[in-house]
Every structure is written in structure tokens, then in C-alpha cells.
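Proteins come first, then strands; the chains are lettered A, B, ... in the order of their sequence lines, and each starts at number 1. Computed from a predicted structure; not experimentally measured.
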Protein chains: 2
Amino acid sequence: MTTDQKRQTRKKYYTQFAKIYVAVDCIIFGFLDNTLKILLRTRDFEPGLGKSSLIGGFVKEEESLDDAAARILHDLTGLENVFLEQLYTHGEIDRDPGERVISVSYYALLKVQDLDHDHVEQHGARWCNVGECNRLIFDHNEMVEKALARLRRRAKNQPIGFELLPRKFTIPQLQMLYEAIYQKKFDNRNFRKKLLAMDVLEKLEIKDKSTSKKGAYLYRFDKKRYNKLIQNGFLFDL
Amino acid sequence: MTTDQKRQTRKKYYTQFAKIYVAVDCIIFGFLDNTLKILLRTRDFEPGLGKSSLIGGFVKEEESLDDAAARILHDLTGLENVFLEQLYTHGEIDRDPGERVISVSYYALLKVQDLDHDHVEQHGARWCNVGECNRLIFDHNEMVEKALARLRRRAKNQPIGFELLPRKFTIPQLQMLYEAIYQKKFDNRNFRKKLLAMDVLEKLEIKDKSTSKKGAYLYRFDKKRYNKLIQNGFLFDL
DNA sequence: CCAAAAGTGTTGACCGTACACCCATGA
DNA sequence: TCATGGGTGTACGGTCAACACTTTTGG
């Protein structure tokens, strides 16, 4: 029996219970102008018409939560295979003043240089500095706070910072990203030392001269090497 | 306008979208016989009749997710004000072979000595050693894994171990709890040193002689002191 | 008096942090 | 030639981990 056939032959076991609208809201991070930003949109429907909100949508009957999040992200950005992780599910009864909706939040990290900015703008989205995007509808500010907390925790223990940079990047670039995430300065010697000691970056023989006359060496995150190290009990820790 | 009135006057904004069954499943931890255990139940209805499962139930129209979890926990244990934290939301389409149900998992930490064990048994629940409770229905094993991972992370950085012990406990008791959680031995001198250095325990002038002839001093977690320290930037770290 | 659990300090290794100067180059 | 950002090494202090013996007392 195929999965589709199984689905069609399902009995009605739970008719006595209530069904509820389920939404997905995405906190989409990007790194532009050495600043950490998220994508916001202005609501074009009630309730909350005209107010700022995260990028979201309803979960369909025949898609998983992860699929819904990926669909919503893809519709807006045109991108696939973006880093996406579930965060938290908000289930207060009156969180949406329209009707009862529970919302599963996801955060995404994307490489802005892969993005078609016109496409994004045509969908009514815009980049907003993290920390300046308060006054969102419903409980969306809380979602952003949780996403930031998660990003900060993860970035320390998992190599996800690279998801926000081009595949080839310089050490100063990476450091500025981390400074944007944690909102504090790092000592450049210590940062380099610790980072390179982990031995997960491949140094390229090319320099990026776009930000200095001397130029900075480009590096690439070596995922295969990272996975091998992980299997041997190595822990990423910046 | 009262909250109830608001709710009744809600418009129908989202009728074009699908509604979905939402369940809550609880991973309920307890510390018995120096072992970390969770509460399981045998399903007495289809689908999955006769199989082992977590303690769960459906979310009602007029209750929040947190309230649903607290209700389910209270129905089974008779306890209130138990430590309860949301974990993850499982949303695969076919995770429940009956109908489509998404499930929000919560983990709970309870003091087993507060428990009416007859009441629990009458509700068909039993304690099962963590690590020996595989072969659960649906994706419940995955939920247990996630709960364990979260417990381990939290126990290191937040004083939640105390939620699993009596209000008055001994240092050796606490150490055995941590050994059960992390499945490894700790050096007792180092454990004491680090723990007492944090200065969040109040030493009582009574000894517990139930496990040794010499007797071990009882301690109490000083929550007020802990909160004060936290405000000054102190970090719990065991 | 002895078995069994409670309680106590020291040392060496390692890691995190603080800190300042030279290099390369385009303009 | 100079201004700008890139790149480099060392020393100190604190934290973590390893380690063994004494104390208490009920049976």
C-alpha cells in the first residue's frame, strides 16, 4: 500500500476533539552591511492590516510543519536548501485576535548574496536591523527574541555562522558577523587562533581585496572534515 | 469588553485554511531508586491499542498549549505547579497513523515523594527507566531523546535538578541525581566544591541518617538568593 | 571494632584573555 | 609615503580534573 493509499483509508478516530488553525512564522536572518537583519513584511490583510509582521502562513492539510516552513521561505525568497530550524510553538488562545491560531516558529539563516532582492521586494518584504524591529504584530517580537537567543547559543557550538556568509569568506568578515550576532567586540588575535585551531577551514590562495589594500585571504568551511572530526568526539566551540 | 466577549465576537478570517488536530505529549521525569525514570502508559484505544506511549491528550479549543500540558499532567498525577517546559512540535503528516495530528511535546520534572502512586497506577501509568523505554508508539521515542538532551543541557546551566529532589536533600543525593542524568560518575570532592562555591544552597542543621550511619547534612535550594545572584550576572554552571 | 558512607585540599595542565606591533598595498 | 585594514605571539590567572585519606556511628 502506498503512503497516499494509507492516508485515504485512514479511519476517523478523533472526531470528538477540536481542530485548530496551525500557522508557521519564520524569523529569516541575513547579514548585510555588517549588520544582522531579519526580513519583515507589512500585513496586507486583516487582522493587523498595515502592521509589521514576520513572514508566515498557514500549514496545509497535506504538508508537514518543516515543509510548510520551507514552502513559505521559498515563496518569498526563491531559495531552497536554506538552513531552517524549528524554534518554539506559541499557543496562547488570544495570541491572534482574529481566530484561534497556534503558530510554530522557525528561524532561517540565508546567504544574502544568493538572494534576488527584487523578488523579495515584490513580495512586500524588507530587511530590518535586529533590535530595531520592535512593534511587530501579535507575539512576533517574542519570537524574534527567542530566535536571537537560539542563534547566539547555536553559533557558539555549531558551525552555523557560515550559513550567513558567502561560501568563500575572510576571517575579518566572519569576526564581524560574530560581533553582530553577540553585539560585542572580539579580540582579533584570539578569534583567529581559536577558529583556525579547530581546523575546519580550508585556506584558499586567493585574496579578497574589496575591503582593504592588503587584501584578506579567503577561506571555505570544510564540511566533510568537520563531520569527520565530529565523529571523533570533537566539539565545535567558538 | 471582557476576554470572553472578545472571543465571541471574533470574525471568521481564516475559513479558507485547514484546521488540524493538536495534541500534547508529556515526558514526565522522576528520580526513584537513584535512577532517572519517565512515566509511560499503555494505550487503551486505537490506533496503537496495547502499545506503550507517553502521557498525552488533545488540546481543547479554549485552552492554551501550556494549559493543556498542565491539565494532562494534573489529571494523571494530581499535582500542580510542577516544572514544565515546552520541547518541540512534531508535525510529520503520517506520524499518527490514525489521522493527521501534530503534537507539541513538553517535559516535566516532578518530586516523586509528592506523588500519590495509587492515583498514578489507577490511571494506567507506570515508571520506566530512561534508556529502557524504547518501542514506544509513533515518534514518542524521538520525543524522549529530545527531552533527555534538553534535560542534560538545562541541568548544567540552570538549577532544575532540585525539581527532581525533595525540598531538603543531601549533597550525595544530588550527586547521584546528576550521575543518573548524565550516565557518568563525578568526583565527589569536585562536585561539592563547585556546587557549594555557587552559594545557592542553605545548609540545615539536620542530618539525614537514612543512607549512612554517619548521616549527611541536609540542604535547601535558596531560590531568593539565586535570583539575586542572577540579577548580578551570576551564571549557574555545574 | 568494623563496615560503609560522608566529608575534606592540593597540584598540575590547560584554556581564556589581555595586550601591541609589523605588513602589504592602493591611492 | 601614508593611511587602512590584515595578520601575528606571549604571558598571566583562573578553572578543571585528578587524586587518597580521615571521620562518624550503628550494628
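As judged by a 4.0 angstrom heavy-atom cut-off over every strand, Lys194(B) is placed among residues touching the sugar-phosphate backbone only.
The side chain of Arg192(A) contributes an N or O atom lying less than 4.0 Å from OP1 or OP2 of dG7(D).
In this structure, the CG atom of Leu174(B) is 12 Å from the P atom of dG7(C), given to the nearest Å. Summarising the geometry, the separation between NZ on Lys184(A) and C1' on dG16(C) is reported as 11 Å, rounded to the nearest angstrom. To the nearest angstrom, C1' of dT8(C) lies 13 Å from CD1 of Ile171(B). Rounded to whole Å, the distance from CG on Leu238(B) to P on dC16(D) is 10 Å. Remark: P of dG26(D) and NZ of Lys209(B) are 5 Å apart, rounded to the nearest angstrom. Atom NZ in Lys207(B) sits roughly 14 Å away from atom C1' in dA4(C) (whole-Å rounding). A straight line from OH of Tyr217(A) to C1' of dA24(C) spans 10 Å, rounded to a whole angstrom. Atom P of nucleotide dG7(C) and atom CG of Asp187(B) are separated by 15 Å, given to the nearest angstrom.
In the interface, the side chain of Arg189(A) is paired with the base of dA20(C) through a donor and an acceptor atom under 3.5 Å apart.
In the set dT25(C), dA6(C), dA17(D), the nucleotide with an atom closest to the side chain of Pro172(B) is dA6(C). Looking at the side chain of Lys214(A), the nearest of the listed nucleotides dA5(C), dA20(D), dA24(C) is dA24(C). Minimum atom distance to the side chain of Asn188(A) is reached by dA20(C), of the listed dA17(D), dA3(D), dA20(C). Relative to the side chain of Lys213(A), the nucleotides dA6(C), dA18(D), dA27(C) differ in distance, and dA27(C) lies closest.
Place Asp237(B) and Gln173(A) on DNA chain D by their nearest nucleotides, and Gln173(A) ends up nearer the 5' end. DNA chain D is contacted by both Ala216(A) and Lys193(A); Ala216(A) maps to the nucleotide lying nearer its 5′ end (nearest heavy atom per residue).
Residues meeting the side-chain hydrogen bond (donor to acceptor under 3.5 Å, both in side chains) test with Lys193(B), sequence neighbours left out: Asn190(B).
Under the 30°/60° scheme for interplanar angles, the aromatic rings of Phe29(B) and Tyr107(B) are found to stand perpendicular. Using bins of under 30°, 30° to 60° and over 60° for the plane-to-plane angle, the ring pair Tyr182(A)/Tyr178(A) lands in the parallel bin.
The shortest side-chain heavy-atom distance between Val22(A) and Leu65(A) falls under the 4.5 Å cut-off.
To the nearest 0.5 angstrom, Tyr106(B) atom OH is 8.0 Å from Thr89(A) atom OG1.
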